[in-house]
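Nothing here was measured: the structure is a model prediction, and the numbers come from that model. In the text below, chain A, chain B and the rest are named by the order of the sequence lines, each starting its count at 1.
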Protein chains: 2
Amino acid sequence: MNESPRRKELIRLAAQLFVQEGFDRTTVRMLAQEMGIKSGSLFHHFKDKQEILAAVIEEGTQNALIIAHQSIEQYPAEPEARLRAMARAHLETLFADRNAHVVALFEWRRLDPAASAHLSHLRDAYEALWVEVIDDALQAGLIHGDRFLVSRFILGALNWTVRWYDPNGPRTPDDLADELVGMIMAR
Amino acid sequence: MNESPRRKELIRLAAQLFVQEGFDRTTVRMLAQEMGIKSGSLFHHFKDKQEILAAVIEEGTQNALIIAHQSIEQYPAEPEARLRAMARAHLETLFADRNAHVVALFEWRRLDPAASAHLSHLRDAYEALWVEVIDDALQAGLIHGDRFLVSRFILGALNWTVRWYDPNGPRTPDDLADELVGMIMAR
DNA sequence: GTCTATAATCGGATAGAC
DNA sequence: GTCTATCCGATTATAGAC
C-alpha cells in the first residue's frame, strides 16, 4: 500500500467530506476541489471513487485499533480502567481524530464486496478487542449480561454520539465515556 | 395530508427500498418499478423525491410515537415496566413495523431544511416521551446518570441494532430490549 | 392515473498535452 | 502530477397523449 504523506493528506480531506456530505453525495469534483486539483487529476492518485472510500475506511479502522491498543495496555490488570480506556479511545478516534473512523462506521455498507472482504479482518480485530475487555469486566463482576450483546449495546451507544454530540459544548468526549461506563456498572 | 390507502402502500414500498439501498441510491425508477408503474407516473403521486422521503419519515415517526404511547399507558405507575415497554416498542417499530421508523432515524439528514423543520416537532415529542420515562426510572432509583445522556445512550444502543441484529436469529426484539434494560439497571 | 418520450443536468471516468 | 476537454451513462423531472 502506498502511504506517502501526500496520499495521507488526501485521505484526510476525503474523510472530512464523506462525514459532512455522506459518501454518495460527495462528488469527485468536490473531492478534487478540496484537494486543490482538478477532477481529472484525482484519478492519478486513486483508481476510482471506491478506492478512496476503501482507503479512508482502512485508515479509520487501523487508527482505532492502534489507539485502543495503546490505551488499554497501560492497565494490564484493571478491568474497570480498561473498559473506561476503551470507551475513551473509541470517542477519541471519532471526534479528535479527524473523521476517518466515523466514515468506517457509517459508510461501511457502501464498500464494494471485494473491499469489504479485504477490510473485514481489521474491523473484526477491533471488535474482538472490545469483547476481550468486556469479558474481563464481566468476570470481575463490574457489569452483567451477555458478552456479545453488551459489547454491541455499548458500541451502539458510543457510535450514535456522532449524531448528537457537539464537541464545542460543555462536555468532553472523556466525560461521555465515563458517564456511559458509570451507567452500566453494577453498584 | 392525503392519507389514502393507495398512498400509504406507496410509502410502505418506498420505506422498504430506502432501508435496503439508502435514500441517495434509490432512484425514482426503482421506486416506480417496485410500485408497478413507470417512473413518469410517480410524479402524479408525489411532487418530487424529497416529498417521498418526508412522507416516509413522517409515517415512521408518527407510528413510533403512537406505539410507544400505547405501550406505556398500560403501566401508569410502574417505572421499570414503562422503561421496558418503551425499549420494546422502539425495537418493534424498527423491526416489526415495516421500515419507516428506520428511515426516520437513518435518513433524517437527507431531508431538506423545510421538511426537517416541519417534522422536528414529531421527533421532539418522541424524544420527550423517552426523557419522561427515563426520569421516572431515575427517581425510582432503577438507573443512574444524567437524564439526557442516559436517554441518548439508550436510544443509541437501540438504534444501532439495525446494523447488526438478525430478526431471523434466535433472539426476539423483546429479548434484546429486556437485555438492554437489564444491563443498565442498578442491582 | 398511467403511458411514452424527452429535456436538462450531473455523475464517474478517460485521453492526451504539458 | 496536473491540466483541459470530453465521453457517455444515469438521474430527476416535465409535457402531452390516452
Side-chain angles (χ1 to χ4, degrees), chain A residues 1-58 103 106-116 118, chain B residues 1-58 103 107-116:
Chain A
M1 281 291 135
N2 175 3
E3 284 302 330
S4 66
R6 171 77 160 134
R7 188 182 164 96
K8 273 235 173 192
E9 170 69 1
L10 297 183
I11 290 171
R12 218 203 86 232
L13 291 167
Q16 200 182 336
L17 268 177
F18 289 165
V19 169
Q20 271 172 35
E21 306 288 330
F23 174 70
D24 290 325
R25 289 160 100 97
T26 302
T27 68
V28 295
R29 286 169 176 81
M30 291 164 71
L31 287 163
Q33 181 164 39
E34 199 71 13
M35 297 168 180
I37 54 180
K38 299 294 177 182
S39 68
S41 311
L42 202 132
F43 294 91
H44 174 77
H45 300 279
F46 303 94
K47 189 176 123 276
D48 55 20
K49 198 184 163 193
Q50 263 293 320
E51 193 182 286
I52 307 180
L53 178 63
V56 169
I57 288 183
E58 178 167 17
V103 176
F106 283 83
E107 305 285 1
W108 186 280
R109 285 175 7 145
R110 306 276 81 110
L111 283 173
D112 64 36
S116 176
H118 176 249
Chain B
M1 282 288 137
N2 177 1
E3 286 303 329
S4 66
R6 171 76 161 134
R7 187 182 166 97
K8 274 237 175 192
E9 170 70 0
L10 297 183
I11 290 171
R12 217 202 86 233
L13 292 167
Q16 200 182 335
L17 269 176
F18 289 164
V19 169
Q20 270 172 33
E21 306 288 330
F23 174 71
D24 291 327
R25 289 162 99 98
T26 302
T27 68
V28 295
R29 285 173 177 79
M30 291 164 74
L31 288 163
Q33 181 164 37
E34 198 73 15
M35 297 169 180
I37 54 180
K38 300 294 178 182
S39 68
S41 309
L42 204 141
F43 294 91
H44 174 77
H45 300 279
F46 302 94
K47 187 176 124 278
D48 54 21
K49 200 185 162 193
Q50 263 293 319
E51 191 181 289
I52 306 179
L53 177 62
V56 169
I57 288 183
E58 177 166 20
V103 176
E107 306 283 3
W108 188 280
R109 288 176 5 144
R110 306 275 83 108
L111 284 173
D112 64 35
S116 176

Can you tell me if [X] uses its side chain to pair, donor with acceptor, with the backbone of [Y] under 3.5 Å?
X     : Y     : answer
A:Q33 : A:K38 : no
A:E34 : A:A14 : no
A:Q16 : A:I11 : no

Closest to the 5' end of DNA chain C, once A:G40 and A:T27 are matched to their nearest nucleotides, is A:T27
So which nucleotide from [options] ends up closest to the side chain of [X]?
X     : options               : value
B:K38 : D:dT14, C:dC3, C:dA13 : C:dC3
A:H44 : C:dG11, C:dG1, D:dT2  : D:dT2
A:H45 : C:dA13, D:dG1, D:dT11 : D:dG1

Check: When all nucleic acid strands are considered with a 4.0 Å heavy-atom cut-off, which category describes B:R6: base, sugar-phosphate, or nothing?
Finding: sugar-phosphate
Atom CG of B:L42 and atom C1' of D:dA13 are separated, to the nearest Å, by 11 Å
note: A:K47, atom NZ; C:dT14, atom P; distance rounded to Å ~ 9 Å
Exercise for review: Indicate whether OP1 or OP2 belonging to C:dG1 is found under 4.0 Å from a side-chain N or O atom of B:S41.
Suggested key: no
Can the positive tip of A:K49 be found less than 6.0 Å from the middle of the six-membered ring of A:F23, inside 45° of the ring normal?
yes
